[in-house]
Colleague: 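Structure provided below as structure tokens; questions to follow.
Computed over heavy atoms, backbone and side chain alike; hydrogens, waters and symmetry mates excluded. Each ligand, and each atom within it, is numbered from 1 in the order the structure gives.
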Amino acid sequence: MERNFSLSMITVSLTHFLLLCLVVVAAAAASNNITTDQQALLALKDHIIYDPTNLLAHNWTSNTSVCTWIGITCDVNSHRVTALDISQFNLQGTIPPQLGNLSSLTTLNLSHNKLSGNVPSSIYTMHTLKFLDFTDNQLSGSVSSFVFNMSSIVEIRLTNNRFSGELPKNICNYLPYLKALFLKKNMFRGKIPSALSKCKTLQILLLQFNNLSGAIPKEIGNLTMLKGISLLCNKLHGEIPHEIANLRNLEGLVLGMNNLVGVLPAPIFNMSTLKVLILMDNSLSGSLPSRIDLSLPTVEFLELAHNRFSGTIPSSITNASKLTVLALGENTFSGFIPNTIGNLRNLLRLSLANNYLKSSTSKLSFLSSLANCKKLRFLNLGGNPLDGILPSSIGNLSKSLETLVIANCSISGNIPEAISNLSNMLTLVLERNKLTGPIPITFGRLQKLQGLYLAFNMLVGSFPDELCHLGRLNELVLFGNKLSGSIPSCLSNLTSLKSLYLGSNRFTSVIPSTFWSLKYILFFDFSSNFLVGPLSLDIGNLKVLLEINLSKNNLSGDIPATIGELKDLQIMDLAYNRLEGPIPESFGDLISLEVLNLSNNKISGSIPTSMEKLFYLRELNLSFNKLEGEIPSGGIFANFTAESFMGNELLCGLPNLQVQPCKVSKPRTEHKSRKKILLIVIVLPLSIALTIAITLALKSKLIECGKRSTALSNDSILSSQATLRRFSYLELVRATDNFAENNIIGRGGFGSVYRARLEDGMKIAIKVFHEQCASALKSFEAECEVLKKTRHRNLIKVISSYSNNDFKALVLEYMSNGSLEDWLHSSNYVLTIFQRLNIMIDVASALEYLHFDHSTPIIHCDLKPSNVLLDENMVAHLSDFGIAKLLSGEDESTMRTKTLATIGYMAPGLLQTTLFFKFILNFATY
Ligand SMILES: *[C@@H]1O[C@H](CO)[C@@H](O)[C@H](O)[C@H]1NC(C)=O
Ligand SMILES: *[C@@H]1O[C@H](CO)[C@@H](O)[C@H](O)[C@H]1NC(C)=O
Ligand SMILES: *[C@@H]1O[C@H](CO)[C@@H](O)[C@H](O)[C@H]1NC(C)=O
Ligand SMILES: *[C@@H]1O[C@H](CO)[C@@H](O)[C@H](O)[C@H]1NC(C)=O
Ligand SMILES: *[C@@H]1O[C@H](CO)[C@@H](O)[C@H](O)[C@H]1NC(C)=O
Ligand SMILES: *[C@@H]1O[C@H](CO)[C@@H](O)[C@H](O)[C@H]1NC(C)=O
Ligand SMILES: *[C@@H]1O[C@H](CO)[C@@H](O)[C@H](O)[C@H]1NC(C)=O
């Protein structure tokens, strides 16, 4: 540059020439020796505010040669710095403009740090630079005003930062050698500039996970060297330009999760180089070409789910022998599933769910053919009118099979015993069919099974004891069959069980006493059977129980007072039984209760006033019992209507409840107060003793948990989805206004949290995890794992999860009062001392729950005021389990050492204390 500049000046006058020469020589000298390089690097060092391993502080010292510094490479001849690579140093700080003075630099790699702030424009004009990598930092700012003037650049990687604004229209004007442009996972918006086509040498273009809108410019078809393009998860609309089919070298075309419409241009199915075609979650239509094998001979990954594709699945597809993933679910495909589908020997994942596909034979012969796919791990055929019976050959399916879904397919006949050969099965879903006969006893062999879903069939016979061998079973759903006999006492062997649905069957026994030892169970439903006998006192053992449904049985006897120990219970339905005796006082301790139905029993006595403080109770049904006395009028009772109490002749209370008015009766209250004194005299010392006992028990429980040798289970993500509300991607898109930036309420390394409103008006929060990036995926899995295992009123509640290859999100409760951090740092709002105290107690209860009330103690690892969210009632909810740790038996020691080094692990007790100190410090300064 300088040389060109001085040459052009030769013609000007001598004085000017001399003067200019001086300037030019000075400039050249200034930017032309190793001293400049050193100064530039020292400037960078100065801008690093946190260097956890002190690498730069100890190594980049001015008394040693720059070329010996860590991360620096020099050219031997010119003695200039040519490469700066300080990736994964975990540095925090900013990039100084002086870095642009490294005028011989060819490689600049600052990836995987925590650098933030704007990138100075001097970087984008480094003429010698070939490789620029800023991946995984927190760099921000708009690049739209910059001239990308890097005449040697080959690769630009800005993945996973916070760059925003529009892409520069002239982005490609001065980039004659650019091969790879990675701008994914930022916040770029606006249109994809059509001038991108001037980057003639471009081979890889990754723009996924931004907010780009508008149509895909047809000029993309001019980038004839392009091998891979991903526009996944933006807001692109319009049709896919047929010019894309001009890209004769294209191997990967990823346009999924946009709002693309129209018939897929036929030439796209004629790209003989294509290996990956991902178009899911759009509104694309059209049908597959009849000779798809010839048009896409090399395709390995064909993902068209959740569109409007129609027509038949051409049998020629079975010649596309390289296919490993074939996902055609959620379309309107019809016709037969090809019987030769098993020719796809390399299939790992096959999903044809929710189409109108049929089987050409009643014995589902295509299933026998699938036995040839020895690598198959995931098979979903659910929601198709298959209308046949399951052949025994189903047992010949791949031994690798982990998930098999044939739900809602009009399957009849018996469940073949041979299914039990599939010994690696994790999830088996055969619900909503017309299956008859017994549950095969051979199911006991499916030792890895975590979820068994056979609900809504016509299965008969007894509950096989062999199911009790399934020690890893998390969820067992046998609801809505014709099973009879007794509920076996061996159920207590299913120690991993979280959900048990045996309702709407014909079980006739008592509830076995051993059942109450399943102390980690969250949900159970035995409703609509013929169960008899009383409720055990041991019901209080199920400390983490969230929902209990025993309605419509023949249960008798008193309701045990120990039920009050179920502090997390949200839903209790004991309606339509023959329960008698009073509602225990201890019902007032069911502080999480939201729904209570005791109707149609023979319950007598008065309604305990202790229930007035059940703050969360929103549905109460005590109708048709033998209750008497005054209906409490305080607290939540103000909101209940006559319906809650009808059919109890002897109740009295306010006129709006349509019961007789109460007579004032002195003796009763005296009686009551005597009772109270008795209570204080007898119960108080007792309860103190109990508290001590419980504390001790909790301590020993932790030790016991620590000894348990259950390995950290690699459960499939949120396998308990049966109980969660499901959302389509489109619903999430609508709820967030296309993930509009003004709906973002939080951002982190993992991704973003959006405020959202569902069509039914419900407010929710959606946490979207950055795609693919291993750490975000881990974070998503960790969070799912934790939220799956936990339910507590002081933990953020998960409403649903959405996981689809690259797009992962959690749908969470919306907390209208923001985070504690907002409150602590706001000058407009001040928390009262009582609010502060309550928040402290809430957080402590959440922690206690995580640490103690659990089969696997959980360490939050990222406790800070910004992760404490406040709902409309200022109740605190702990959130963000992205880096939480599950401590379980044998992994504990290794995990502890690992975490110690990285995220500051603290033992549960210590953590709690520290948190208190932290809080108290924060509170002291209000
Ligand atoms: C680099 O140039 C400066 C003048 O700009 C000079 O003072 C210095 O000695 C030079 N350093 C080397 C190593 O040549
Ligand atoms: C360089 O200077 C640092 C202090 O700035 C000192 O600790 C270090 O020992 C010196 N190294 C050499 C090789 O002189
Ligand atoms: C800096 O690190 C490099 C590479 O690890 C090493 O060779 C060099 O000796 C170190 N210099 C100092 C002063 O520690
Ligand atoms: C380095 O760059 C900055 C800004 O980009 C400039 O102001 C400064 O003069 C340069 N320093 C040297 C020593 O060349
Ligand atoms: C792009 O390709 C079209 C034909 O598809 C051609 O007419 C046009 O001139 C090309 N544009 C550039 C900038 O090469
Ligand atoms: C249940 O566990 C007990 C003790 O581990 C064992 O003796 C019994 O055989 C098991 N029952 C079944 C049906 O698995
Ligand atoms: C009663 O219901 C209203 C509206 O549903 C609610 O705002 C209020 O908090 C409720 N009162 C009590 C005591 O639960």
Side-chain angles (χ1 to χ4, degrees), residues 1-6 18-91 93-113 115-130 132-134 137 139-143 145-153 156 158 168 174 901:
M1 205 39 190
E2 280 82 8
R3 192 182 297 162
N4 287 346
F5 184 44
S6 55
L18 280 174
L19 203 69
L20 272 165
C21 271
L22 272 174
V23 172
V24 168
V25 166
S31 59
N32 238 347
N33 75 22
I34 188 83
T35 313
T36 336
D37 290 352
Q38 189 191 36
Q39 278 162 3
L41 292 170
L42 288 175
L44 175 62
K45 183 180 161 182
D46 277 349
H47 280 74
I48 300 299
I49 53 168
Y50 182 62
D51 174 8
T53 47
N54 279 319
L55 266 172
L56 302 193
H58 290 155
N59 192 289
W60 287 19
T61 54
S62 37
N63 51 6
T64 53
S65 158
V66 175
C67 298
T68 68
W69 290 1
I70 194 159
I72 303 298
T73 310
C74 290
D75 182 84
V76 199
N77 301 322
S78 69
H79 201 58
R80 294 291 310 277
V81 173
T82 54
L84 166 58
D85 178 351
I86 47 171
S87 69
Q88 305 195 9
F89 279 26
N90 260 317
L91 303 171
T94 51
I95 301 176
Q98 286 93 327
L99 213 59
N101 294 355
L102 294 170
S103 55
S104 293
L105 204 65
T106 58
T107 298
L108 175 56
N109 186 351
L110 306 180
S111 65
H112 307 287
N113 283 295
L115 301 171
S116 53
N118 289 348
V119 175
S121 57
S122 62
I123 303 293
Y124 298 123
T125 57
M126 296 172 79
H127 297 298
T128 50
L129 208 56
K130 290 187 173 155
L132 171 70
D133 193 351
F134 290 162
N137 279 288
L139 297 166
S140 56
S142 159
V143 296
S145 55
F146 295 159
V147 181
F148 282 67
N149 195 347
M150 294 178 275
S151 48
S152 308
I153 198 82
I156 300 178
L158 305 182
Y174 307 102

Colleague: Are any of the side-chain heavy atoms of Leu41 and Leu84 separated by less than 4.5 Å?
Modeller: yes

Colleague: From atom 4 (C) of ligand 4, work out which of Pro120, Ser122, Pro97 has a heavy atom at the shortest distance.
Modeller: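 Looking at heavy atoms only, the winner is Pro97.
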
Colleague: ring-ring contact (aromatic ring centres under 6.0 Å, His included) with Tyr124: which residues, sequence neighbours excluded?
Modeller: Phe146, Phe148

Colleague: If you take the nearest heavy atom of each of Leu55, Thr64, Asn63, which one is closest to atom 13 (C) of ligand 3?
Modeller: Thr64

Colleague: At what distance, to the nearest 0.5 angstrom, does CG of Leu42 lie from OG1 of Thr35?
Modeller: 11.0 Å

Colleague: Mark up the atoms of ligand 4 that fall under 4.0 Å of a heavy atom belonging to Gln39, in ascending order.
Modeller: 13 (C)

Colleague: Is any side-chain heavy atom of Leu132 closer than 4.5 Å to one of Ile153?
Modeller: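 Answer yes - side chains close enough.
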
Colleague: Counting each atom of ligand 4 from 1 as listed, which ones have a heavy atom of Thr36 under 4.0 Å away?
Modeller: 12 (C), 13 (C), 14 (O)

Colleague: With respect to atom 1 (C) of ligand 4, which of Leu99, Leu102, Asn101, Thr125 exhibits the smallest heavy-atom separation?
Modeller: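 Among Leu99, Leu102, Asn101, Thr125, the closest heavy atom to atom 1 (C) of ligand 4 belongs to Asn101.
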
Colleague: Provide the number and element of each atom of ligand 1 under 4.0 Å from a heavy atom of Thr35.
Modeller: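 Heavy-atom distances to Thr35 below 4.0 Å select 1 (C), 10 (C), 11 (N), 12 (C), 13 (C).
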
Colleague: For ligand 3, which atoms, with element, lie under 4.0 Å from some heavy atom of Asn59?
Modeller: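 Heavy-atom distances to Asn59 below 4.0 Å select 1 (C), 2 (O), 3 (C), 8 (C), 10 (C), 11 (N), 12 (C), 14 (O).
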
Colleague: So if I count the atoms of ligand 1 from 1 in the order they appear, which ones are less than 4.0 Å from some heavy atom of Ile34?
Modeller: 13 (C)

Colleague: Which residue pairs pass the ring pair (Phe, Tyr, Trp, His ring centres under 6.0 Å) test when at least one of the two sits in residues 33-62, sequence neighbours left out?
Modeller: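 Matches after skipping sequence neighbours: Trp60-Trp69.
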
Colleague: Do Thr61 and Asn63 have a side chain donor and acceptor closer than 3.5 Å?
Modeller: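 Yes, because at least one side-chain N or O of Thr61 sits under 3.5 Å from a partner of the opposite role on Asn63.
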
Colleague: Do Leu102 and Leu108 have side chains that approach each other closer than 4.5 Å (heavy atoms only, starting at C-beta)?
Modeller: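 No - every pair of side-chain heavy atoms lies 4.5 Å or more apart.
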
Colleague: N/O to N/O below 3.5 Å, does that happen between Gln98 and ligand 4?
Modeller: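 N/O-N/O distance below 3.5 Å does not exist for this pair.
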
